[in-house]
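Contents: one structure, followed by commentary.
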Amino acid sequence: MQRFFVEPFQVLEEEHRITLTGPDLNHMKNVLRMRIGEDVWISDGSEKEYHCTIEEFQEDSAVLHILYAQESQYELPSRIYLFQGLPKGDKMELIIQKAVELGAYAVVPVETRRCVVKLDAKKAQKKVTRWQQISESAAKQSKRMLIPEVKNVMNWKEALAFAKGLDVILIPYELAKGMKETREILSAIQPGQSVGIFIGPEGGFEEEEVRDAMEAGGKPVTLGKRILRTETAGMTMLSILMYTLESV
């Protein structure tokens with residue numbers, strides 16, 4: 001069943017009605033060619049989802065009739081932010097897609113010293129717009145209750161300043177201590193805590209960047225004896241946290 005997202009003000013629960021507008025309306029009518037009477041799922045970006053039928057199409061909206069509402073447990077109990085060093089080519093698209101599927105709350109593109117890719121303001125904004133579309137598509141496919149935000153591209157200092165507001169900061173690093181210490185760090189993370197994961201680009205982090213992260217409260221962790229590609233490291237970390245934090 002197709003899933004669409006609306007803003008809370010578009011949900012009139014007492015009237016058993018939701019109004020769908022914007023790009024999702026075009027997707028419903030002209031791409032999917034859905035018809036009156038078909039069923040859809042609607043999420044308002046919080047904890048509720050609505051099973052609806054399409055009641056009518058108006059010129060600039062679709063009116064949906066709410067059959068029932070339910071609180072779903074699709075979201076992880078912690079907000080996980082993936083701070084991803086800008087990779088080469090189109091790797092970021094794959095990283096965002098899989099990060100959303102694995103439960104990331106937001107993705108933060110970061111320019112680090114070893115990034116090959118350098119984006120000016122215009123190119124960065126165009127990229128972020130594209131990445132946000134990928135996040136929305138992945139959120140619909142994986143039954144997310146919200147669309148994870150892809151933040152504007154940050155430099156290293158901006159990313160660390162943002163991360164200081166989180167409860168836990170993790171930085172996978174090849175020189176981190178062994179798996180025993182990593183297990184202890186990860187097992188101490190509690191549901192409800194916000195978590196930041198810093199992943200370097202293809203060339204990894206410079207030692208000074210790791211020191212900066214540690215001074216900001218970051219905890220170096222290991223992902224094993226093998227060196228992982230940048231597009232694999234974040235997914236591995238998210239998978240571990242998903243397994244650790246998932247309640248059922």
Side-chain angles (χ1 to χ4, degrees), residues 1-82 96-108 128-129 131-151 165-167 189-196 235 238-239 241-248:
M1 194 184 304
Q2 296 293 328
R3 178 178 295 270
F4 300 93
F5 290 88
V6 298
E7 297 293 334
F9 72 86
Q10 295 173 264
V11 179
L12 301 176
E13 198 162 350
E14 293 182 358
E15 300 178 17
H16 303 284
R17 181 164 56 90
I18 295 175
T19 303
L20 185 71
T21 60
D24 270 354
L25 172 63
N26 179 67
H27 189 68
M28 175 185 282
K29 288 178 63 176
N30 302 319
V31 179
L32 299 176
R33 298 185 179 277
M34 299 188 74
R35 297 289 180 258
I36 292 172
E38 289 194 59
D39 289 5
V40 295
W41 282 110
I42 300 292
S43 172
D44 65 359
S46 60
E47 297 180 352
K48 275 192 174 182
E49 63 178 359
Y50 301 87
H51 184 189
C52 305
T53 58
I54 302 172
E55 193 169 88
E56 66 172 313
F57 287 111
Q58 299 178 350
E59 184 175 349
D60 58 356
S61 66
V63 179
L64 311 175
H65 176 70
I66 299 173
L67 298 175
Y68 62 87
Q70 63 184 22
E71 293 187 2
S72 298
Q73 301 297 321
Y74 297 136
E75 295 302 315
L76 292 177
S78 293
R79 292 185 173 184
I80 302 178
Y81 295 76
L82 176 63
I96 289 170
Q97 181 189 65
K98 300 309 176 187
V100 170
E101 291 178 15
L102 290 168
Y105 179 77
V107 178
V108 184
V128 169
T129 299
W131 294 336
Q132 189 63 53
Q133 293 170 346
I134 291 170
S135 175
E136 180 174 350
S137 178
K140 291 176 179 177
Q141 184 275 327
S142 56
K143 295 186 177 180
R144 294 292 301 271
M145 295 301 293
L146 54 83
I147 301 172
E149 181 183 2
V150 180
K151 301 285 187 181
L166 305 178
D167 297 313
I189 299 173
Q190 298 298 313
Q193 288 186 308
S194 54
V195 182
M235 303 309 100
L238 282 165
S239 298
L241 288 175
M242 181 181 68
Y243 177 80
T244 302
L245 295 168
E246 199 83 71
S247 57
V248 291

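Just so you know, residue 1 is the first one in the sequence shown, and it goes up from there.
Rounded to the nearest 0.5 Å, atoms CG (D24) and CD1 (I42) are 7.5 Å apart. Note that OG1 of T53 and CZ of R35 are 15.5 Å apart. Values are rounded to the nearest 0.5 Å. Atom CD of residue Q2 and atom CG of residue D39 lie 12.0 Å apart, to the nearest 0.5 angstrom. E149 CD to E136 CD: the interatomic distance, rounded to the nearest 0.5 Å, is 13.0 Å. To the nearest 0.5 Å, atoms CG (D44) and CD1 (I18) are separated by 8.0 Å. Summarising the geometry, atom CD1 belonging to I66 is positioned 10.5 Å from atom CD belonging to E14; distances are rounded to the nearest 0.5 Å.
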Between I189 and T244, does a side chain to side chain contact (heavy atoms under 4.5 Å, CB included) hold up when you go through it step by step?
-> CA-CA 9 Å; I189 299 173; T244 302; 5.8 Å; no
Under the side chain to side chain contact (heavy atoms under 4.5 Å, CB included) criterion, do E13 and Y50 qualify, and how do the steps go?
-> CA-CA 9 Å; E13 198 162 350; Y50 301 87; 3.2 Å; yes
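Taking both residues in full, the closest heavy atoms of A99 and V107 are given as CB-CG2, 4.2 Å, listed atom of the first, atom of the second, then distance. Across I54 and I36, no two heavy atoms sit closer than the pair O-CG2, 3.4 Å. In plain terms, the two heavy atoms of F4 and H27 that are nearest each other are CE2-CD2, 4.1 Å. Residues R144 and F5 share a closest heavy-atom pair of O-CZ, 3.3 Å. In this structure, K29 and F57 approach most closely via the heavy-atom pair CG-CE2, 3.3 Å. Nearest heavy-atom pair across V100 and S142 is O-OG, 4.2 Å.
Side-chain N or O atoms of E49 include none that pairs as donor or acceptor with a backbone N or O of S43 at under 3.5 Å. Put simply, the side chain of E75 gets close to the backbone of M145: a donor and an acceptor are under 3.5 Å apart. No donor-acceptor pair closer than 3.5 Å links the side chain of R3 to the backbone N or O of M1. Between the S61 side chain and the L20 main chain, no donor and acceptor come within less than 3.5 Å of each other. Using a distance-only test at 3.5 Å, with no hydrogens or angles considered, a donor-acceptor pair links the side chain of S239 to the main chain of M235. Although no hydrogens or angles enter the test, the distance criterion places a donor-acceptor pair under 3.5 Å between the side chain of S78 and the main chain of Q193. Formation of a donor-acceptor pair under 3.5 Å by the D167 side chain with backbone atoms of S194 is found in this model. Remark: the backbone N or O of P148 is paired with a side-chain donor or acceptor of Q132 at under 3.5 angstrom.
Within the 4.5 Å cutoff, the side chain of V6 has no heavy atoms near those of the L64 side chain. Put simply, the side chain of E38 does not reach to within 4.5 Å of the side chain of L32, judged on heavy atoms. Using a 4.5 Å heavy-atom threshold, the side chains of L146 and Y105 count as touching. Counting heavy atoms from C-beta outward, V11 and K48 have side chains that stay 4.5 Å or more apart.
Between Y68 and H51, the ring planes lie perpendicular to each other; the angle is over 60°, past the 30° to 60° tilted range.
Within a 6.0 Å radius of CD in Q58, more than 12 heavy atoms belonging to other residues, nucleotides or ligands are found.
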